[in-house]
Amino acid sequence: MSDRAVRVLVDAASTDPIADAARELVAGLCLRPWGQVAASVYETGRLVAVAPWLTGHHQRIAFLLRSQRPDGAWGPPEGYALVPTLSATDALLAALADGRGGTDLLTSVSRGLGALAGTLLAGDARTLPDTPALDLIVPALVDTINDRLAGLERAIADRLPRPPLPLPPGLNRDRLRAVRSAVAAGAALPPKLAHFYEILDAVPADAGPTLTAVGASPAATAAWLSAAGPSAGPAAHAFLRALIRDGGGPVPCPAPITVFERAWVLSGLRRAGVTINPPTSVLESLTAATAGQGIATGDGLPTDADTTAVSLDALARLGRPADPASLWAYETADGFCTWPGEDGFSVTTNAHVLDAFGQHVARHPDADPRYRRAVERLSLVLTGRQRADGAWQDRWHASPYYATVCCVQALAEFGRGAAAAEAVDRAAGWVLNSQRADGSWGRWGGTAEETAYALQVLLTVPTTVPRVDDAVARGHAYLHESVDREHPPLWYGKELYCPTVIVGAAVLAACRLTTDRASGVDRSVVDCGYQLTKTTT
């Protein structure tokens, strides 16, 4: 955000600094229409490996070197480190083979290989996180790394671990071979697989000069341009140059996330009661949610029920309600899928569909009974998926606090029956019992994002229990103290990623709800808003 936004937030004369900060945030949605996502180790590594000709190559190598963990791996804890570590290690091996690195690069590669062979590839594949296409990415990169090691000059190879990297027990190359064979035989590439173009060995299609991004992925776009030639896709080349310029070399993923970012920001802020007036162009960008099978996260991705539902919810909360009939395309025997053929189940997608249908039923009591039945059914679906401890867990976010706030808000506002109310109370109890000593909440450690979700859960439950008030005060104080902390990646993509503006909006929403519970606006509220500017400038 701009320096003006910072001044607004620290201006004691402002009557509503949170609303002022939110307006600045919403105005910024137009300035960077591809969305704002933190730099990705996986995507940046793929650009180093497949497109060294792109501007910013040395800056990307430097980013990989400085972001390596002390244990030699890259990325978040647990099995979430596997994909980024494979990508970064392979990328630096490619640079090493090209003679682009010295001792630091050789040391980093050796440490990366050690982390992979020592722990990351040793565990059972069943314990690995369900990040998209992990069963394609891991075997593809293991094979590429082994090929690079075999082709290194003897003088370099002798200074690196030599045994070939194995696949994790339980993971094989069958699906990767099948997909690559189908692509080689001329089969049409499913829209979802375009997101992983960089590992498919695909022959570049004649997509034309207007193509902006392949699969909403800088890596997929770079791989396509490397194979087709930059002149084959001037718009795609311009897209990559813009991302590289904005990130100083490293690139994010996914991108673009135009609709995803706008829908989550607008829906979340309005749900918390934050006053905003989005530009007409931003609102109109969501209206495709009402047609056909709805809307996609961004260009290059297929339509999905999650983005469609949140877009519909945002429009309704901003006074532009629309019939959510497009969501029926995603109905299944279990509830609603994120997209047809989804390999898994998302409670947050179903919570968002409940929001969209609930809005429609609330505004149209005489609506088709099918909508009312869907609201009742989704209430049962969500309560039936609640964990024994009162939380929910989802396949699109690593933290149970995100899944829990999505389900709690939907059930509290639109849920039917005593089971829905009981589920909300149980969730609030779990949040209370899981607060950390410093007032924060978080899966691996306290974070502003997860603390914001936890506060929203507690502030959704209509209670004046002193223990809740104390927890809210301590959580709010943590937000005040975490101004300079970076938001860690928690959202599911090829690796965990952080959509910085969406996370910042969640923090603002929690601050609004907290100040509505308290009396007046104090200094900590202003600083909570200031954290948003620190992560999105």
Side-chain angles (χ1 to χ4, degrees), residues 76-80 127 129-130 268 271-272 346-348 350-351 382-413 415 419-482 485-492 496 498 502-503 505-514 517-518 524 528 531:
E78 301 175 10
Y80 293 102
T127 66
D130 181 29
R271 184 167 220 153
S346 169
V347 293
T348 61
N350 280 267
L382 293 179
T383 56
R385 296 272 179 167
Q386 190 175 25
R387 295 188 330 199
D389 61 2
W392 280 269
Q393 185 70 57
D394 193 54
R395 66 191 313 253
W396 299 122
H397 201 284
S399 174
Y401 294 98
Y402 173 74
T404 300
V405 74
C406 291
C407 293
V408 162
Q409 289 180 328
L411 288 171
E413 190 169 0
E422 181 183 350
V424 169
D425 287 341
R426 290 178 57 224
W430 171 74
V431 169
L432 279 174
N433 292 331
S434 60
Q435 189 173 25
R436 295 176 176 271
D438 63 357
S440 70
W441 284 269
R443 173 175 173 175
W444 293 303
T447 70
E449 179 182 358
E450 291 166 283
T451 299
Y453 297 146
L455 287 171
Q456 289 179 61
V457 169
L458 294 181
L459 294 167
T460 297
V461 180
T463 180
T464 56
V465 176
R467 188 182 173 200
V468 171
D469 290 338
D470 176 68
V472 168
R474 292 171 59 222
H476 189 215
Y478 174 83
L479 291 184
H480 164 61
E481 295 162 0
S482 64
R485 300 180 189 179
E486 291 186 2
H487 298 305
L490 293 168
W491 295 71
Y492 268 44
L496 295 187
C498 178
I502 291 174
V503 171
V507 172
L508 274 185
C511 288
R512 162 58 70 219
L513 291 171
T514 303
R517 171 72 72 95
S524 62
C528 282
Q531 164 151 5

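We count residues from 1, following the sequence as given. In this text, all values refer to a predicted model and were calculated from it rather than measured experimentally. The figures that follow rest on heavy atoms only: side chains count, while hydrogens, waters and symmetry mates do not.
For the pair Val503/Cys498, a side-chain contact is recorded, criterion being any heavy-atom separation below 4.5 Å from C-beta on. Using a 4.5 Å heavy-atom cutoff, the side chains of Leu459 and Val472 are in contact. Side chains of Val468 and Val461 form no contact here, defined as non-hydrogen atoms less than 4.5 Å apart. When side chains are defined from C-beta on, Leu479 counts as touching Leu455, because their heavy atoms get closer than 4.5 Å. You'll find the side chain of Glu413 reaches within 4.5 Å of the side chain of Arg271, heavy atoms only. Annotation: side chain of Pro489 is in contact with side chain of Pro76 (closest heavy-atom distance under 4.5 Å).
Of the residues listed (Gln393, Glu450, Glu78, His397), the one engaging Arg443 in a side chain to side chain donor-acceptor pair (under 3.5 Å) is Glu78, and it is the only one. Considering Trp392, Trp396, Trp491 as possible partners of Tyr402, the one that fulfils the ring pair (Phe, Tyr, Trp, His ring centres under 6.0 Å) test is Trp491.
Here Asp438 does not pair with Arg436 in a salt bridge; the nearest charged N to carboxylate O distance is not below 4.0 Å.
If you take CG on Asp425 and CD on Glu422, they are separated by 8.0 Å, rounding to the nearest 0.5 Å. From Thr404, atom OG1 reaches atom CD of Gln456 across 12.0 Å, with rounding to the nearest 0.5 Å. In this structure, the separation between CD on Gln386 and CG on Leu411 is 8.0 Å, given to the nearest 0.5 Å.
Closest approach of Pro400 and Ala391 over heavy atoms only: CB-CB, 4.5 Å. Shortest non-hydrogen contact noted between Cys407 and Leu382 is SG-CD2, 4.1 Å.
There is a side-chain donor-acceptor pair under 3.5 Å between Ser434 and Tyr401.
In this structure, the side chain of Arg395 does not engage the main chain of Val347 through any donor-acceptor pair within 3.5 Å.
For Tyr80, the ring-ring contact (aromatic ring centres under 6.0 Å, His included) partners two or more places apart in sequence, or in a different chain, are Trp444, Tyr492.
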